[in-house]
Each structure stands twice: as structure tokens, then as C-alpha cells.
Number of protein chains: 2
Amino acid sequence: MNITDVAKKAGVSISTVSRVLNNASYPVKQETRERVLEAVRELGFRPNDLARGLLLKKSRTIGLVIPDISNPYYPELALGLEATASEYGYSVIFCNTGRQAEKLEHYVDVLLQKRADGIVLAGGGTDFTPVFQPLLDFDVEVVVIGRHYLPFLSVQIDNVAAAREVTTHLAELGHRRIAFISGPLNLTSVQDRLAGYRSGLEERGIGRDDRLVREGDFQSESGYSAALSLLQAEPRPTAIFASNDRMAIGVVAAAADLGLKVPDDISVVGFDDIIMASYMRPALTTVAIPGYEVGAYAMRLMLRLFAGEECSQITWLPTNLVVRDSSGPPRETEGFDVMKLERGGAEGRVLE
Amino acid sequence: MNITDVAKKAGVSISTVSRVLNNASYPVKQETRERVLEAVRELGFRPNDLARGLLLKKSRTIGLVIPDISNPYYPELALGLEATASEYGYSVIFCNTGRQAEKLEHYVDVLLQKRADGIVLAGGGTDFTPVFQPLLDFDVEVVVIGRHYLPFLSVQIDNVAAAREVTTHLAELGHRRIAFISGPLNLTSVQDRLAGYRSGLEERGIGRDDRLVREGDFQSESGYSAALSLLQAEPRPTAIFASNDRMAIGVVAAAADLGLKVPDDISVVGFDDIIMASYMRPALTTVAIPGYEVGAYAMRLMLRLFAGEECSQITWLPTNLVVRDSSGPPRETEGFDVMKLERGGAEGRVLE
DNA sequence: CTGAAAGCGCTTACAG
DNA sequence: CTGAAAGCGCTTACAG
């Protein structure tokens, strides 16, 4: 069933049907308009967007390329992007790369073939440069999330500042031995968080000790095992800053398994503020990333690009340190009872 | 840039270009083939899928309509679906209804206009019947996840059996006052879990007490407040079965806030087995739903429908009760020390 | 206010 | 082995 069937049924030409359907302001006799609408309703006609797109060179489709939807940050981002897209009549094609370079290229190919109007490239861990040429060659708008590449616009959060804030928060509580568990170090966001951690230490005059830095992989398990090793070393840290919440949850589990209390024996801070963070006991201190807003903003940027408007190269969206119960003053500052529990306690005090 | 440009550059007709690109087995002189491929490469040509789809009446696109991607079950499902889809050359359009009826109709309209080859309708809470007629009218395959509707195929998990298994697991540990926190009761999956809970009670000869049943909304907060009310009632339950993990996490938080130990004072079981479940302390006993498999299977079903193969109306995928540390025998069975903690303790023993 | 016609970029019988 | 031509279902100047 197509526009010709509708035209026949309504006794008009396909031009008129098209006008009634697409151009509300076009002058069509009221009676004709109603006849067309009636035919559309009776036939259950839905215009073929493939034909429309072919002609107009617009598919009303956005490609969303993300590394890993299992990371709870991305569903939020996808939600914000999709809600905004759908509000403006765009559909979102969902592409999950699993951080594999060949999948990135594959998805860009597919999206280009489908003539997506825009492509959102989110997350780190994959090198985007191999797809720059095709992206530049085609008439497609690109927005990058989480990193910045010169030919394209980007939406970012300030990982350096956020991690620095976490670190100074812990320093203000009295911590001097603050450990850091990174995510995969090939991610720029992770490099930035590490840099922010170090910058925070420096700002507070705390000497850098790389034995307190571990590389994780953003999974809880890696936070768990990194914490196990950190908490059994001597002197042990009084605070652990994990660069995402899932690893922080692993840290809390490791502390519990070692019989250590959070935050009395060990303060823990995460990053992301996933839902679970506020429902753990003690509730997790963490950095809230506005995932929904990031997605929504990326789509709004896209719409401005479609409209040919000027946009700033980088948009920084604010993070928010949410202080809950998993971070508190280290036990040492409260008295000597720490000695009973903590082998590294005395040594720890030397650092004060 | 289009197929004509490629043809010109290679000095052949567009027919030949098309054949080289799409029909590997079509007899084309080796030298011609190479000239075409060379031109494609040099121009960075990507065939227009809109034109292809218009002609072939195939868009190589699947619509995924889900209620709420923030529910951690759906990203897994989306991942399984998308991975399988992309493996077979299909793209996935992501549609999040937020359980709003009008959005469901909107998305079905959009997907029909985009001439999606298939539509996957997942989750409960929204009545699907209003979109049946358009779905039936169009040449589109439909797979339903989580419910069964006669005109369509479905992939389901057995919520009744899974909830019964949880309940008998708790009964076997010695629990008699087993509370249940449901999700939104308009969801068939929730109704099924409630039915399974009751069937488990009956199977173990435990009298039904509806004061032990609360309606939640799948958010942690509702589990938290339901647990607060359950745990402050008298006699209080010795076990709480929450019908998803997020609510179970709220239950654990409420128990902690009341100074109750899990599982000694109160056993807690969830449903879903989200990643967090295994990283809580105590780790959460819960029902694992194979989200990835459900998505992957739905896509495989779709492919079989495209191929015109016979498929069974309903496919049941297995759940798995994962017993961890949050469920254990009730304290009453271990001695009188319960009296110190539990106001309802003595009364509780009467029930034994 | 309405319609005939061109054309978007492909695939595929059909002819050679 | 190769090409000319029809046609998928639309939108929109152009003509009236």
C-alpha cells in the first residue's frame, strides 16, 4: 500500500496527498483535505520513510556508537539522547562496539550506508581516527562525547577537576595515604581522573606514592582485588578512591571480607553515582555524572548542527561530588585505638 | 556521490558496479571486477541503503521497544539483541517508552514508516493491543518478550516457577514468615512472581498472610520503605523476597538502618541478578535472568521468521536461583538470644 | 486550489 | 560477460 492507493481512494492526485500529509500550511480545499485524511485513516497508510529519505537526503536517523551498554552510565546517556531525538522526530540506531576497533569501523560503515543524519561517538578506549576520513567525506554531522577531536564538536565532563575534588575532599578529612584505583589506562577519561588525583595530592602537599595506585578495568572484581592488595600492604591507605562505582563496590566488599569498617578503617569514594551508590550501607560517596544530560545535550548540539548554527567546540557539563557515608576522617586522627586493628597504624601516624 | 560516479570512474555500467558489490557469484570478468573495486575504494563509496531498501522492500532494521533502559535488565537484553542483529547485518533502532501508551503507538508508527523488517516488543506495564492492527497490516515480523499475545511469537522466562523456587528455598531454610515485595502489579511478570510466591507457600503448607505482601515499584526506594514497614510490624517476617534486586538492595539498606543483620535477623532475596548483587556484603541471593540470551534469542527467532521457518509460539528460557549469603536460617531456630533483639521473637516461636 | 512529471540511488529481469 | 531500462514510493518545482 502506498501513496497512490491513498490518492485513488480519495480521488485526488498523489501530489495532493503528499501536501496534506507533509505541508499543513499548503492551501488545500478543506473538503479535499478531509477526504485525504479519511482515506489515510481507513487504509492505515504510513508513508514510506525510505522513499522520503532517498529524495530529501535525510533519514531522520541518528547513530549512537557506545563502547559498552553494560556500564550503567551509558543507558542513562542513551535515554537522554533518545528522548531528545524522538522529541524532534529522530530515531536512534544503537551500536555497541565492545571497544573493538573493527566494530567501530563496521558501525560507521553501516550508519553511513543508512545515511544517518548524525553520528554520536561516545566513550574512550577505541581510537576514533580511522573513521575520520569517511565521516568527513559524507554529509553527516558528528558529535563526540567524552573526548575531544579537532574536526568535531564534543561534550565532556571535567574528569580532572572532579577527581581533584574527590582527592581534596579526602585530604580535608585528614587522609594522607589516599590510594587510587584507575580504570583501563588507555581511556582518556581514566588518564584525566588519575591526573586529577595527582593534582589534588599536590595541591594539598601530599607526596605522590605510586604504590598506592592500581590499574583496574572498571569491573567490580578488579576493584575487589586491587583493594585486597592495597589493604594488605603496609602501611595501608586510609582512603581508596576508585575511578568508578562498580570498582568502589568491589573495594567495599574487599574491606568487609578483611573485617575492616567503612569509613572508620577505610574511606571509599567512587565515580559515576549509579543508583546503587545511594543504596549501599554505608552509602557511597561518589561523583555524579549527568549521563542523561550528556546524552540530551549531545542531541541538542546535533540539532543545532543540522540547523547550521554556530556551536562551541567543547561543551563542559558539570559533575557533582556527592558526599555520603563511605568517606570520613581516618581513625588515626581520633585516637590510639587504631593500634589494635591496624598494623600500619604507628607508621601511619609518622606521616601526619 | 553515487553508483553512477563509481561506474564512470571504472568505465562500466551501474549494473556491473551493483553486481560486483552485491553478487559475489555473478560472472564478471576479473579485470572489470578489480577496476570497480578500485573505483569504490578511491571514492570511498558507500551504497545508499535507503535506495536499496526502497527497491527491495527490506530495510535491514529491527526496532527494539523497551519500557525502561534504566532497569539494568534491559541493557543486557539490548546487548544480546544488538550483537546478534549486527552479526547478521541488521541494525537496531532503540525505542524507550517509559511505559507510556502514547509513546508505544508513536514508536510503532515510526518503525512502520521506517519499514523496519522486525519489531521486538519487550516488557510489561503497557498494553500492546492498540498496536496490533497496524502491526498485522504491515509486512513486519513481531517478537514479544516477557508476555504472550496470540498473534505473535514470544520469548519468556518462567516467573511463576522462579518465584516458587525462591519461596521454597526460604521455607527449606526454616522460614515461615516470608514477606513479598512485588513490583507494579499491572505487570504480568510481577503478577506471575506473586503467584509463584503464593504457590511456594502453599506447597510448603505455610498459610498465606497478605499483611506480608507489599507493592513496590521496582525502585530501590520502594523496597526500602516497604521493608521499613514490614520490619517494624509485629510479628516481623524472618525473610523478605523482593521481586527485583534494586528493591532488595533497598531492603538491605532498611535492615541496616534498623540495626538488623542480614541474614541472621532477616533473610533477603532479590530477582534479576544484576552485577551489584554479587558485590554487596552479604552477597545477595537472587534469581538470575539470562538477559543477554533473551535478547539474542529474540533476534534469532526474528531471523527464522524472515526465513519463513516454523517457530514455536512460546520459548521459555531458564532462570537460575543463585544462593549467596543474604539468605540463611532464621535466628529463632538457633536459640533464645533472638529475644534480645527481636520484639516479636517470642510470638514468632509460637508459629514454629 | 490541483495535477503531471522529474528524479532521489539503487537492483534486476531482459536482451545481446 | 555487459548494459539499457524499468521501477521502488515519495516530494516539489512548474504549469494551469
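Numbered from 1 within each chain, the chains take letters A, B, ... in sequence-line order.
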Do other residues, nucleotides or ligands put more than 12 heavy atoms under 6.0 Å from A/D127 CG?
-> yes
A/D137 and A/Q133: side chain donor to acceptor below 3.5 Å = yes
Going through the distances and angles, do A/E293 and A/R300 end up as a salt bridge (charged side-chain N to carboxylate O under 4.0 Å, His left out)?
-> CA-CA 10 Å; A/E293 284 311 317; A/R300 271 184 251 122; 3.7 Å; yes
Counting distance only, does the side-chain N/O of A/S59 pair as donor-acceptor with the main-chain N or O of A/R115 below 3.5 Å?
-> yes
Would you call B/R46 and A/D109 a salt bridge, using N to O less than 4.0 angstrom?
-> yes
Taking Watson-Crick and G-U wobble contacts under 3.5 angstrom, with | marking pairs to another strand and [ ] crossing pairs, the secondary structure of DNA chain D is written |||.||||||||.|||
Measure from the ring center of A/Y88 to the ring center of A/F306 and say whether it is less than 6.0 Å.
-> no
Expected list for residues 11-18 of chain A near DNA chain C, using heavy atoms below 4.0 Å, is A/V12, A/S13, A/S15, A/T16
Under 3.5 Å, is there a donor-acceptor pair between the side chain of A/S18 and the main chain of A/I14?
-> no
Contacts satisfying salt bridge (charged side-chain N to carboxylate O under 4.0 Å, His left out) that involve residues 6-18 of chain B (not counting sequence neighbours) are B/K9-B/E42
Gap in Å between the two C1' atoms, one belonging to D/dT12 and one to D/dG16, rounded | 16 Å
Chain B footprint on DNA chain D, 5' to 3' - any atom under 4.0 Å from a heavy atom | D/dC1 to D/dG9
Salt-bridged, A/R304 to A/E141, with N to O below 4.0 Å?
-> no
For A/L135 against A/L121, the heavy-atom pair lying closest together | CD2-CD2, 4.0 Å
Spatial distance of atom OH (B/Y297) from atom CD (B/Q156) [nearest 0.5 Å] = 12.5 Å
DNA chain D contacts among residues 36-52 of chain A, heavy-atom distance under 4.0 Å | A/F45, A/P47, A/N48, A/A51, A/R52
Between B/D49 and A/K114, is the closest basic N to carboxylate O distance under 4.0 Å?
-> yes
Closest non-hydrogen atoms of A/A10 and A/A39, given as atom of the first, atom of the second and distance, are CB-CB, 4.0 Å
Criterion side-chain contact (heavy atoms from CB on, under 4.5 Å) against B/R35, the qualifying member of B/V20, B/T16, B/V12 | B/V12
Strictly below 4.0 Å, heavy-atom distances to any atom of DNA chain C: list the hits from residues 1-10 of chain B, or just say none.
-> B/N2, B/I3
Run the ring-centre check on B/F132 versus B/Y149 and record whether the distance is less than 6.0 Å.
-> yes
